[in-house]
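Shown next, in structure tokens, is the structure this report addresses.
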Amino acid sequence: MLVAPAAVWLVVFSAWPAINTVILSFTNAKPLGGGHFTGLQNFERALDDDQLLDALINSVVYMLVCVPLLTFLPLLLAVLVEKRLPGITFFRTAFYTPVIASAVVVAIIWGWLLSEHGMINGLMRQLEVIQEPLPFLTDRWLLLFSAISLTVWKGLGYYMIIYLSALGNVRRELHEAAAVDGAGPVRRFFHITVPGVRGTMLLVSVLISVSALRVFSELYVLSNGTGGPGGRDMSVVMLIQLYSRGFTGHLGYASALSLILLVITIGPMLLLTRLGRNS
């Protein structure tokens, strides 16, 4: 009886929507109609969807860049701010501030900075690094990597906090003994700190890979909802949103894309988990 309200909430808002998504993926359902069973037609359509191929490429590139950066850079930050120095609380707060900021607001500010008449292009032109403004928001790959840089910048503080909690479990006696034996900071980092937080690094890698494959806000806001030039900068989640919105949306096809994204997301999770066990 105590867990009944939570169980009902879980069934209504998590389990049933997930089951219904599977059911809808085999239909031609629309927002105002239940649709009819169409078998594997939605999945066959996905195989010939060039826009889905671009979205998958974008999502995979997003993951391949974000995972190493957001796995190692926050660890370095955590090692730096872990030390008890005067004023270190200010730096911890400064690094964590982007995490609590709204993703949409941050993306809007990022768009102002990267626009053709924004501060980044203006500064580089003043320094005579470039002659013409760089199309950060209108070139396919520059837009994608601009969004990646936003994701990395905003996620540094979040994963730094996770590493800070893990560093507290690394025995200081090991560092002291290694220092007595003549090991420098770099050697102690790779031979003591990294092995001591290996489990946390695996957890962080899995979280980042899932988040990167499901990216939406950064690309949507930076591209003003268009998905970049020719819509080639859409993520899979943006594509799902495109097909499911409005009164004429294709819920069946959007549900099929959701299942495809689920399968793709499970892959990196299983791979990273296996690598963690083997190491």
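All heavy atoms count here, side chains included; hydrogens, waters and symmetry mates do not.
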With sequence neighbours left out, what residues match Tyr220 under ring pair (Phe, Tyr, Trp, His ring centres under 6.0 Å)? Phe216
What's the spacing between Gln51 CD and Leu239 CG if we round to 0.5 Å? 5.0 Å
Ignoring hydrogens and angles, tell me if any N or O in the side chain of Lys30 forms a donor-acceptor pair with the backbone of His250 under 3.5 Å. no
Looking at Ala107, is its backbone amide N or carbonyl O close enough to the side chain of Lys154 to form a donor-acceptor pair, meaning the two atoms are under 3.5 Å apart? no
For Thr71, does its backbone N or O pair with a side-chain atom of Tyr163 as donor and acceptor, under 3.5 Å? yes
Are Val3 and Val11 connected in a single hydrophobic cluster, I mean Ile/Leu/Val/Met/Phe/Trp/Tyr linked by side-chain heavy atoms less than 4.5 Å apart? no
Please indicate whether Gln126 has more than 12 foreign heavy atoms, meaning atoms of other residues, nucleotides or ligands, lying under 6.0 Å from its CD. no
CG of Leu70 to CD1 of Ile208, rounded to nearest 0.5 Å, is 4.5 Å
Between the side chain of Thr38 and the main-chain N/O of Gln41, is any donor-acceptor distance below 3.5 Å? no
Examine the side chains of Ser59 and Ser235 and answer whether a donor and an acceptor come within less than 3.5 Å of each other. no
Calculate, to the nearest 0.5 Å, the distance between atoms OG1 and CD belonging to Thr138 and Glu116 respectively. 5.5 Å
Anything under 3.5 Å between a donor and an acceptor, one on a side chain of residues 141-153, the other on a protein residue two or more places apart or in another chain? List them.
residue	atom	partner	partner atom	Å
Ser146	OG	Leu142	O	2.7
Ser149	OG	Phe145	O	3.4
Ser149	OG	Ser146	O	2.6
Thr151	OG1	Tyr62	OH	2.5
Thr151	OG1	Ala147	O	3.1
Thr151	OG1	Glu218	OE2	3.1

Would you sort out whether Met234 and Leu219 count as a side-chain contact (heavy atoms from CB on, under 4.5 Å), showing the intermediate values? CA-CA 7 Å; Met234 283 193 178; Leu219 284 172; over 6 Å; no
Salt bridge (Lys or Arg N to Asp or Glu O under 4.0 Å) pairs, two or more places apart, involving residues 46-69: Asp54-Arg140, Asp54-Arg232
Kindly write out the residues that satisfy side chain to side chain contact (heavy atoms under 4.5 Å, CB included) with Ala7, not counting sequence neighbours, or none if the list is empty. none
May I have the step-by-step check of side-chain hydrogen bond (donor to acceptor under 3.5 Å, both in side chains) for Thr21 and Ser255, ending in yes or no? CA-CA 5 Å; Thr21 298; Ser255 299; 5.0 Å; no
For Val99, side chain to side chain contact (heavy atoms under 4.5 Å, CB included) partners two or more places apart: Tyr96, Tyr158
Can you list the residues that meet the side chain to side chain donor-acceptor pair (under 3.5 Å) rule with Arg92, with sequence neighbours excluded? none
Rounded to the nearest 0.5 Å, how far does CG of Leu52 lie from CD1 of Ile57? 10.0 Å
State the CG-CG distance between Leu114 and Asn121, to the nearest 0.5 angstrom. 8.0 Å
Give a yes or no on whether the backbone of Ala256 and the side-chain of Asn42 come within a donor-acceptor separation of less than 3.5 Å. no
I need the Leu164 CG to Tyr159 OH distance, nearest 0.5 Å. 15.0 Å
Met119, CE: over 12 other non-hydrogen atoms inside 6.0 angstrom: no
